Each structure stands twice: as structure tokens, then as C-alpha cells.
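Heads up, the thing below is written out as C-alpha cells.
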Amino acid sequence: MTETIQIGPIVLRFLRSKHDTAGSLDMFEMDVAWEGRMPVPHYHRNWDETVYGLRGTLMFHVDGKPMTLDPGDTLFIPRGTVHGFENRGGTLATCLCILTPGVLGPEYFREFGAVVAAGKPDPEVLREIMLRHGLVPVLP
């Protein structure tokens with residue numbers, strides 16, 4: 001299964017999902033355009049995430065600490081860890097994300113992306129979508 005989903009300046013290519021792996025993992029590549037960022041910092045209740053830098057540089061914010069992800073770098077984000085990211089590098093950045101166990105599938109990204117694509121999304125609607133899919137938003 002390969003599916004491409006766009007969320008503003010972020011493009012996800014789902015390579016494997018919980019549906020393909022009997023729930024063991026979700027795996028997707030994520031392209032983040034220059035000046036792209038995760039719209040809402042959050043943490044995961046029930047899964048860990050491992051991120052591998054493939055191209056360009058992303059700046060992750062993990063429990064309030066800045067962490068650079070360059071090509072060849074690996075970042076482990078355990079469940080319950082608040083995180084977000086942004087691209088400050090001036091060029092496209094790509095990473096590979098693996099969620100274990102697989103719990104999201106592309107459904108979350110499709111739903112979230114549709115709301116963002118509609119323009120000026122209501123933060124409360126984004127929050128509700130995130131909570132329904134097991135992500136806990138952390139707003140300033």
C-alpha cells in the first residue's frame with residue numbers, strides 16, 4: 001500500500017500501515033517544504049515513534065528541547081513525549097517515520113489534511129480529530 005497525503009506544506013507517503021502489518025507498525029516518508037512545520041505540538045498516548053533523517057534538516061522540539069535531525073540521524077520519541085518539528089533549512093527535508101505499534105493508518109492524516117486544506121482550520125476541530133486518533137495536542 002502506498003498513499004500520498006498532503007497537509008499544507010507537508011507531504012506524507014504511507015509505505016505500510018497498521019492494515020498491512022497486522023497492527024505492528026505504520027511507516028511513512030514525510031517531506032516538509034521550506035518553512036513547513038507541524039501545526040500542533042502533541043504527544044502519543046499508546047505508541048512510540050522513530051524518525052530517520054533522509055534529506056535536508058528538520059528541527060524537532062522534544063519535551064521543550066531543540067534537536068536537529070540531519071540525514072543519517074535517528075530520533076526516538078517515546079509515547080508521552082511532547083514533540084513538534086519545523087524546517088528551517090531553506091530546502092525540502094525528508095524523514096522516515098515508524099510508529100510502533102501501528103495505530104494511525106492513513107485515516108488520521110486524510111481527515112486532518114482535509115480540514116487544513118479547507119483553510120483557516122478551527123483549533124478545536126483539529127484538537128477533536130487528534131484526540132479521537134490517540135494524539136494529545138499541547139497548545140501554548
Side-chain angles (χ1 to χ4, degrees):
M1 170 214 191
T2 300
E3 179 176 352
T4 301
I5 301 165
Q6 182 143 6
I7 303 174
I10 299 169
V11 176
L12 295 114
R13 282 179 302 286
F14 245 88
L15 306 173
R16 298 278 183 277
S17 79
K18 64 182 180 179
H19 309 295
D20 306 312
T21 65
S24 64
L25 63 84
D26 288 312
M27 179 170 55
F28 54 90
E29 284 184 342
M30 181 170 62
D31 290 337
V32 183
W34 166 237
E35 290 300 322
R37 67 178 183 79
M38 176 181 286
V40 182
H42 64 276
Y43 65 88
H44 309 148
R45 284 190 201 133
N46 301 315
W47 67 89
D48 302 320
E49 182 171 8
T50 305
V51 184
Y52 301 91
L54 300 178
R55 177 175 52 186
T57 299
L58 287 173
M59 176 63 70
F60 274 79
H61 304 276
V62 180
D63 277 344
K65 297 177 194 134
M67 302 179 84
T68 302
L69 183 75
D70 290 313
D73 289 348
T74 302
L75 177 60
F76 178 70
I77 304 170
R79 64 194 76 191
T81 303
V82 176
H83 62 285
F85 62 81
E86 60 186 314
N87 181 354
R88 295 182 184 171
T91 61
L92 182 73
T94 302
C95 61
L96 177 70
C97 303
I98 299 177
L99 310 179
T100 51
V103 293
L104 284 179
E107 297 83 8
Y108 161 73
F109 297 102
R110 274 190 228 119
E111 187 175 354
F112 196 91
V115 171
V116 170
K120 285 208 149 195
D122 179 343
E124 198 52 41
V125 171
L126 295 178
R127 181 179 189 287
E128 187 275 324
I129 292 169
M130 293 176 79
L131 287 170
R132 190 163 16 88
H133 288 278
L135 294 96
V136 180
V138 178
L139 302 171

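Note that the coordinates shown come from a computational prediction; the quantities given were computed from them, not determined experimentally. Positions are given from 1, in the same order as the sequence printed here.
Placement of Y43 and L131 within a single hydrophobic cluster is found when ILVMFWY residues are connected by side-chain heavy-atom separations under 4.5 Å, directly or transitively. Under the 4.5 Å side-chain heavy-atom criterion for ILVMFWY residues, no single connected hydrophobic cluster contains both V11 and Y52. The hydrophobic cluster containing M130 also contains V116, counting ILVMFWY residues as joined when their side-chain heavy atoms lie under 4.5 angstrom apart, directly or transitively.
Residues P9 and G36 approach most closely at CG-CA, 3.6 Å, considering heavy atoms. Residues M38 and G84 share a closest heavy-atom pair of SD-CA, 3.6 Å. Taking all atoms of both residues into account, the shortest heavy-atom contact from V40 to P137 is CG1-CB, 3.6 Å. Shortest non-hydrogen contact noted between R79 and D48 is N-OD1, 2.9 Å.
A side chain to side chain contact (heavy atoms under 4.5 Å, CB included) with M30 holds for exactly one of I7, L54, I10; it is I10.
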Give every donor-acceptor pair under 3.5 Å between a side-chain atom in residues 62-77 and any protein atom, sequence neighbours left out.
unit_1, atom_1, unit_2, atom_2, d
D63, OD1, V82, N, 3.1
D70, OD1, T57, OG1, 2.5
D73, OD2, D70, N, 2.9

Going by atom type alone, with no hydrogens or angles, which donor-acceptor pairs under 3.5 Å involve a side-chain atom of residues 89-101 and a protein atom two or more places apart or on another chain?
unit_1, atom_1, unit_2, atom_2, d
T94, OG1, D31, OD1, 2.6
T94, OG1, R55, NE, 3.4
T94, OG1, R55, NH2, 3.0

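Applying the side-chain contact (heavy atoms from CB on, under 4.5 Å) rule to V125 yields the partners V115, D122, I129; only residues at least two apart in sequence or on another chain are considered. Scanning for salt bridge (charged side-chain N to carboxylate O under 4.0 Å, His left out) contacts around E29 gives R13, with sequence neighbours left out. By the salt bridge (charged side-chain N to carboxylate O under 4.0 Å, His left out) test, E128 pairs with R132, sequence neighbours left out.
Note: E111 CD to I5 CD1 = 11.5 Å, rounded to the nearest 0.5 Å. The OG1 atom of T21 sits 12.0 Å away from the CG atom of L15 when rounded to the nearest 0.5 Å. Here the straight-line distance linking atom OG1 of T2 with atom CZ of R16 works out to 7.0 Å at 0.5 Å rounding. The CG atom of L104 sits 9.0 Å away from the CD atom of E49 when rounded to the nearest 0.5 Å. Remark: F109 CZ to F14 CZ distance equals 5.0 Å, nearest 0.5 Å. If you take CG on L135 and CG on L126, they are separated by 11.5 Å, rounding to the nearest 0.5 Å.
Using a distance-only test at 3.5 Å, with no hydrogens or angles considered, a donor-acceptor pair links the side chain of K18 to the main chain of V103. No donor-acceptor distance shorter than 3.5 angstrom exists from the side chain of N87 to the backbone of L58, with no hydrogens or angles considered.
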Quiz item: Which is it for H42 and H83 under the ring pair (Phe, Tyr, Trp, His ring centres under 6.0 Å) test, yes or no, and what are the steps along the way?
Solution: CA-CA 6 Å; H42 64 276; H83 62 285; 4.5 Å; yes
Quiz prompt | Derivation of the side chain to side chain contact (heavy atoms under 4.5 Å, CB included) call for R37 and M59 | solution = CA-CA 9 Å; R37 67 178 183 79; M59 176 63 70; over 6 Å; no
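Contacts classified as ring-ring contact (aromatic ring centres under 6.0 Å, His included) and involving residues 112-134 (residues at least two apart or in different chains) are given here: Y108-F112, Y108-H133.
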